[in-house]
Structures are given as structure tokens and as C-alpha cells.
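Just so we're clear, the structure is a prediction, and the values are computed from it rather than from any experiment. Throughout, a chain's letter reflects where its sequence line sits, starting with A, and its residues are numbered from 1. All values below were derived from every heavy atom in this structure, side-chain atoms included, with hydrogens, water molecules and symmetry-related copies excluded.
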Number of protein chains: 2
Amino acid sequence: MIGFLGEYEATLDAKGRFLLPAGFKKQLPANNPTHFVINRGFEKCLTLYPIQSWEPIFSEISKLNDFDPKVREFRRYFLNGATYMESDSAGRLLLPKNLMEHAGLDKDIVLVSAVNKIEIWDKNKYQKFFETFTPESFSDLANEVMNNENK
Amino acid sequence: MIGFLGEYEATLDAKGRFLLPAGFKKQLPANNPTHFVINRGFEKCLTLYPIQSWEPIFSEISKLNDFDPKVREFRRYFLNGATYMESDSAGRLLLPKNLMEHAGLDKDIVLVSAVNKIEIWDKNKYQKFFETFTPESFSDLANEVMNNENK
DNA sequence: AAAATAACACTTTTTCCCACTTTTTAAGCA
DNA sequence: TGCTTAAAAAGTGGGAAAAAGTGTTATTTT
């Protein structure tokens, strides 16, 4: 399985393209290093899936029962932002405009590891997120999350 | 199998035609990229089936027991709007008027992936649909839908 | 030297508009 | 009434201009 580490910055050009930071490039799977799916994140950010990470998710979704209204609702929300992307000859990725809006991206962005995918944040919003976080609250959260896991 | 991704906008011209967005065009099956069936959606929207996606559904429906009044009722409703469509020389699709009414389409429309087919919404109605959705409610829904699957 | 950014040229897609054909509707008349 | 014709509406096809997207090269930064 793919496992990303680290956090890198990048900038969007006038057309909404950005260069995948070299740090992440090195961590991409060897076979399909140019194929991605990008989607809305649960928070005000985007989620970038290398194609290998996306496929099992999509496969799950396509098995759901289409006659269940909840399924349709979920699917609509989940798939609406998902967009297939391929990096261009210069290794850049072009962000769809609706997703840029969703995440409130401007010019400076931050790419953060999220295990088998990468989250994309607006730099300012990302910093603010951290400012609201004290070491203690982080410690509490860690305790809660990691404990539930082991029960 | 066909699997669509993403959400794209289009506009209807005075005659009720729209251009299938390039983003979806690329995802169409190579063999019959101009043949569709369009139908009422369960919600206030339309469902556009590439012909390959329609055929298995139609086949399912034709197998149902005709002596069951509920079957006849369902079939009547489901098939009543279904219309065969072919895109014209410029790649445009002409919407039947009765279906435009059903979905309350005006000028601006949104096309959204529904795995092997595409939903067509009025832009305003679609936006309202999303406004009623908080990240938490989506998260709950996702949890519910994807959990049922694993039981 | 490698990576990131900026600038530019080019191609594709989209939009908007107009002209033409076919079908439908309405109207006139024997 | 039934036929014919005119008018209107609906549907189709295509082209030009604008916008969006893509690729390349050069320059700057680290």
C-alpha cells in the first residue's frame, strides 16, 4: 500500500495548475505516477488520490444499490467533485474550478500526507487550523483517537 | 464497465439542446459514444444512460412478472419517460420537453456522475440540494451507506 | 544542478449565432 | 368536410469568436 509522509507547499499559477512537490513525487507508486483522482475533502480541503488508492473506493461505491434513495444521495455528494487528473508534460496538475472554490484555494497551497492520499489546503486556512491547536488539545485528541482504535 | 467521474455544467440553448461537457465525453465508451437513453430520475432530475448502461436495466425490467399489478405500475412509471437519444453532428443532445419539465430545467444545468450513468439537474435545484448538506450529515450518511454494505 | 516559477504560443473546447429544413398548426376555400 | 396552402414552430447543421486548456521554453530560486 502507498503511504505518504510529510507536508509540502506549492503555488497555483493563473490557470490553477500546480507542480507536485518533488518530495511527494518520490513517494508515488512506480507504475502510475501520473494518474490521480481529486475530490472534495470532508473538511474545507481537497483530497488527491493516486489512482491505485482511488480504485478500491470507487469499486465499493459502484456496488451499492441504486434503488436506495440514501445511496443515491450519498453517491451524488461523493462523486460530484471527483475528477480524474493526469499530470502534464511538466508534471503539473490542473485543478477543476469547482474544487478550487470548495477548498477556497487562492495561490499558496499546502499538501499534506493523509496516509494513502494527499490533502490539499489553502495555506492560510491550514495555518489557522494549527493556531487553534494547543499541544494539550492535540495530546487529548491523540489519546481519544488511538484508544478507541484499540478497543 | 463504464464509470463516470465528476460534475460539469452545461447550458441549454433556446431549443433545449446542450453540449455534453468534454469532461464526460472523454469518459464515454469508445464504441457507441453517441447513443443514449434518457429517463426520469427518482429525484427531480434526469438520468442519462449511455446505451450500454441502459441495456442491462431494460433487460431486468422486461423479466419482471407482468401479472403483478405493482410491477405494471412501476414499469409504467419508469418507462414512461424513457427516450432514445442520439447526439447530433456537433455532439449536442436535444432534451424531450416532457422531461425538461419533470426536472424543472431552465437554462443552466449540471451533469453529475452516478457511476455508470449521468444525472442532469437544474443548476439552482442542485445547489440547494447541497446547501442542505452539512459536512457532518454527509459524514453520517457515508457511514450509514458504506456500513450497510459490509454487513 | 535540480526544482520551481513565469511567460508565451498553440490547440481544443465552448459559446453564440445564423441559416436552412422539416413538421405542425392554423386558415382559407371549394 | 376535406383539401390545400400559408404561417409558425420545432429541429438540425454549421461556422466564427471567445474562452479554456496544454505544451514548451526560458528564467529564477534554492
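Residues from residues 6-28 of chain A lying near DNA chain D, meaning a heavy-atom separation below 4.0 Å, are A:Lys15, A:Arg17 in numerical order. Only A:Asp88, A:Ser89, A:Ala90, A:Arg92, listed by number, bring a heavy atom of residues 81-93 of chain A to less than 4.0 angstrom from any atom of DNA chain D. Looking at residues 94-106 of chain A, you'll see A:Leu94, A:Lys97 sit with a heavy atom under 4.0 Å from some atom of DNA chain D. Residues of residues 29-38 of chain A having a heavy atom closer than 4.0 Å to DNA chain D: none are found.
Take B:Asn80 and apply the side-chain hydrogen bond (donor to acceptor under 3.5 Å, both in side chains) test, not counting sequence neighbours, and it matches B:Arg40. Evaluation of the side-chain hydrogen bond (donor to acceptor under 3.5 Å, both in side chains) rule for B:Asn65 yields no partner, not counting sequence neighbours. Remark: B:Arg17 engages B:Asp13 in a side-chain hydrogen bond (donor to acceptor under 3.5 Å, both in side chains) (not counting sequence neighbours). Every residue two or more places apart in sequence or in another chain that forms a side chain to side chain contact (heavy atoms under 4.5 Å, CB included) with A:Gln27 is listed here: A:Phe4, A:Leu5, A:Tyr8, A:Phe24. In this structure A:Thr132 satisfies the side chain to side chain contact (heavy atoms under 4.5 Å, CB included) test with no other residue, sequence neighbours excluded. Every residue was checked against the side-chain hydrogen bond (donor to acceptor under 3.5 Å, both in side chains) condition with A:Gln127, not counting sequence neighbours, and none meets it.
When DNA chain C is scanned in the 5' to 3' direction for atoms under 4.0 Å from non-hydrogen atoms of chain B, the outermost contacting nucleotides are C:dT13 to C:dA19. Note that the first and last nucleotides of DNA chain D, 5' to 3', having any atom under 4.0 angstrom from a heavy atom of chain A are D:dG21 to D:dT24.
One hydrophobic cluster holds both A:Val71 and A:Ile61 under the rule that ILVMFWY side chains link at heavy-atom gaps under 4.5 Å.
Using a 4.0 Å cut-off between charged nitrogen and carboxylate oxygen, A:Lys44 and A:Asp122 do not count as a salt-bridge pair. Classification of A:Lys128 and A:Glu131 as a salt-bridged pair fails, no side-chain N sitting under 4.0 Å from a carboxylate O.
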